[in-house]
2 protein chains.
Amino acid sequence: MGVKRGRSERTTLVDVASRAGVSAITVSRVLREPEKVSSSLRQRILELIDDMGYVPDQAARALASRHNSTFGVLVPSLTNRAFISFMQGIEERVRDTHFRIQYANTHNSRDEEQRQVKLLMSQNTAGIILAGLEGVEAVNELVRRASCPVVQVVDVGLQTPGVGIAVDHSDAAAAAVRHMIACGYKRIGLVGGSLDERGRRRTDGYSRSMVQAGLYDPNLIHHENATPTTQMGCRLLRRLMRICPDVDAVFCENDDLALGVLFECQRLDKKVPDEFGICGYNDLDFASVTEPPLTTVRIPLFEMGFRAADALVRGVDGRPSEPNTINLGYELIERRTLRRPIGQQ
Amino acid sequence: MGVKRGRSERTTLVDVASRAGVSAITVSRVLREPEKVSSSLRQRILELIDDMGYVPDQAARALASRHNSTFGVLVPSLTNRAFISFMQGIEERVRDTHFRIQYANTHNSRDEEQRQVKLLMSQNTAGIILAGLEGVEAVNELVRRASCPVVQVVDVGLQTPGVGIAVDHSDAAAAAVRHMIACGYKRIGLVGGSLDERGRRRTDGYSRSMVQAGLYDPNLIHHENATPTTQMGCRLLRRLMRICPDVDAVFCENDDLALGVLFECQRLDKKVPDEFGICGYNDLDFASVTEPPLTTVRIPLFEMGFRAADALVRGVDGRPSEPNTINLGYELIERRTLRRPIGQQ
DNA sequence: CTGTTAGCGCTTTCAT
DNA sequence: ATGAAAGCGCTAACAG
């Protein structure tokens, strides 16, 4: 049988209508404004629709009504679990509405991003969520001209046309590193994946706190230009230890990296947290159950998605959200991969 | 500024055409068959398109041409990392084609699945990939009537209309458990997430091997009806040990579960693999770098996605793939969470 | 190489 | 409560 290539003509509204002996618009109403059709007629038409296997053509619908009930969501990567949580937040908000989600992936490329944004707009989407590659003027310009609500996930302090869902990554990282210093670690390394805007801001925060404490040393900073993975965490820790054998803790820009670092420490027989401290970022699902449980910075990924989608839903309803950027904050989750702060118990 | 709600009229093909002093079709051609337009004219129109910020309306395009260049992909969940790998395979194949991907999520519900399949079909998608909830006759019926290529990801042995990408989960699980038995483990538990078709088949495979060895005991089998997570792995191991304190190994239906089990063993100070054996499933990214590295069953998730998308791309091109189900196999990856098989070194 | 004429399948607007 | 007419923005099919 193979791949099916339908040649059969599709059942249309008119087909159903003529079979029912009514006009097309009536069938259309049955589907969209059932209360405007007498219940007996409605009943009959509904059955017919079912029998004939009629399914409305969304393209025609979108064209005629100039409405489209899908939201476009642009994320930089599918591999990064941070975005998965984010996407789940979006789904949760959108579930039980009539909206659909269309994901697109920029593969971390700015060109791709522009292309995709244009494409989403050309599809007359009901709304767009842009995550991950913030701060590009060309994209902002597109957003300004957009004919639908657009929500951008940005870093605090960045200008956005439209609604922004923000987190201060620089501040979050700085706070985490300050805490590590308070725990008595001195040679604190940084490991991270691709240096997108968020990564850069986290690195800034790290540097700020290290400089402030007089502990800064560029040799402690290690990046690899790709999506952060557990394997990368292992590699980066080994590299870090080779270059700075006296490193005594590491701030990971992502929990997946931290997981790799943790395993590598086990292999090297370094005791966590006494000999070596680890701090993650994002508070992903597994962070609470590693051994020892991972100290990390919780970023409200799920809520960010939820709020972003919420802004779209409201925006489309004609109740535009507040005219600006919503800062969702962060939280340091102290578990057991860092020593207790000095002076505390 | 708030959410933007565009009221501005959209630039259309006709707008561009009249400004250029040509007819609409010429502009249309510049976009789709540039070689059919003289290069000077083309040049001029291209600039105009850029200046005026014209972007084609996909709905109109789809309606007029009765073609749509998006593939619909239906997966049961976004949380399960197995599907993420699968999706990456799809993306890889589709990248550099003109096709776009639209994901939908069934949230593991059969009703949702039917609704979504109908919806995808109503959108006149160029092709559909169905993963995760195989074996539902109502869906198969829809697939048969589909007017576009449909690829289903199924378990070997299941009938599918259209192309099937298959893996024999029952066989894979049976082989893994047989191997565990060969390693000398006797009280081998099973932990798993939601019992979808694949889960059921894996459980079957486990049971088969256990019965064969005279080792079967239903008390060893533990499921929790949700997406498998690392946390769930921890919980399930604790439950298993409470009910069967003599359990000496566990087969996990997913690597995320195995990760939880591994950490829980560390907490309980059970030595892996000597005192306790662990076998995962899927060979996710982190499996090779845990400590000890995780023995697991590799399922070619990425390739499954790639091949599924490939079948669609070919099918749409009019070169339908082979008329049946492609079995992609599995592979037992021996690492260090199981003892060496008895008799081997 | 460029244009004309239809019409995709639906919804809008205005009647009845 | 139901319908007629018009048209959404684009492309197919055929001219020239």
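To find a chain, count down the sequence lines: A is the first, B the second, and so on, and within it residues start at 1.
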A:H67 NE2 - D:dG9 P separation (whole Å): 13 Å

Considering all heavy atoms, the nearest A:P34-A:R42 contact: O-NE, 3.2 Å

Carboxylate-amine/guanidinium proximity below 4.0 Å for B:E91 and B:R95: no

Separation of atom CZ in B:R66 from atom C1' in D:dA12, rounded to whole Å: 7 Å

Side-chain H-bond candidate by donor/acceptor type, B:Q116 with A:R100, under 3.5 Å: yes

Listed nucleotide nearest any side-chain atom of A:D57, set D:dT2, C:dC10, C:dT2: C:dC10

5' precedence on DNA chain C between B:S39 and B:L63 (nearest-nucleotide basis): B:S39

Between C1' of D:dA12 and CG of B:L13, the distance in whole Å: 14 Å

DNA chain C: 5'-proximal contact among A:A60 and B:S38 (nearest heavy atom): B:S38

Distance, rounded to the nearest Å, where A:N68 contributes CG and C:dC10 contributes P: 15 Å

Sugar-phosphate only, base, or nothing, as touched by B:E35 at under 4.0 Å among non-hydrogen atoms: sugar-phosphate

Touch class at under 4.0 angstrom, heavy-atom based, for B:R32 against every strand present: sugar-phosphate

Electrostatic pair A:R44:A:E47 at N-O distance under 4.0 angstrom: no

Side-chain donor-acceptor contact under 3.5 Å, A:R32 with A:S28: yes

Integer-rounded Å distance: C:dG9 P and A:L31 CG: 16 Å

Atom pair distance, as rounded to whole Å: CD in B:E33 and C1' in D:dA13: 12 Å

Whole angstrom value for the distance that separates C1' of C:dG9 from OH of A:Y54: 7 Å

Closest nucleotide among D:dA13, C:dC10, D:dT2 to the A:L41 side chain: D:dT2

Members of residues 15-26 of chain A that approach DNA chain D, where some heavy atom sits under 4.0 Å away: A:V22, A:S23, A:I25, A:T26

Between C:dG7 (C1') and B:R61 (CZ): distance, integer Å: 18 Å

Backbone N/O of B:I165 and side chain of B:T325: donor-acceptor pair under 3.5 Å: no

Which atom of B:A311 lies closest to which atom of B:V151, heavy atoms considered: CB-CG2, 3.7 Å

Side-chain N,O (A:S28) to OP1/OP2 (C:dT11) below 4.0 Å: yes

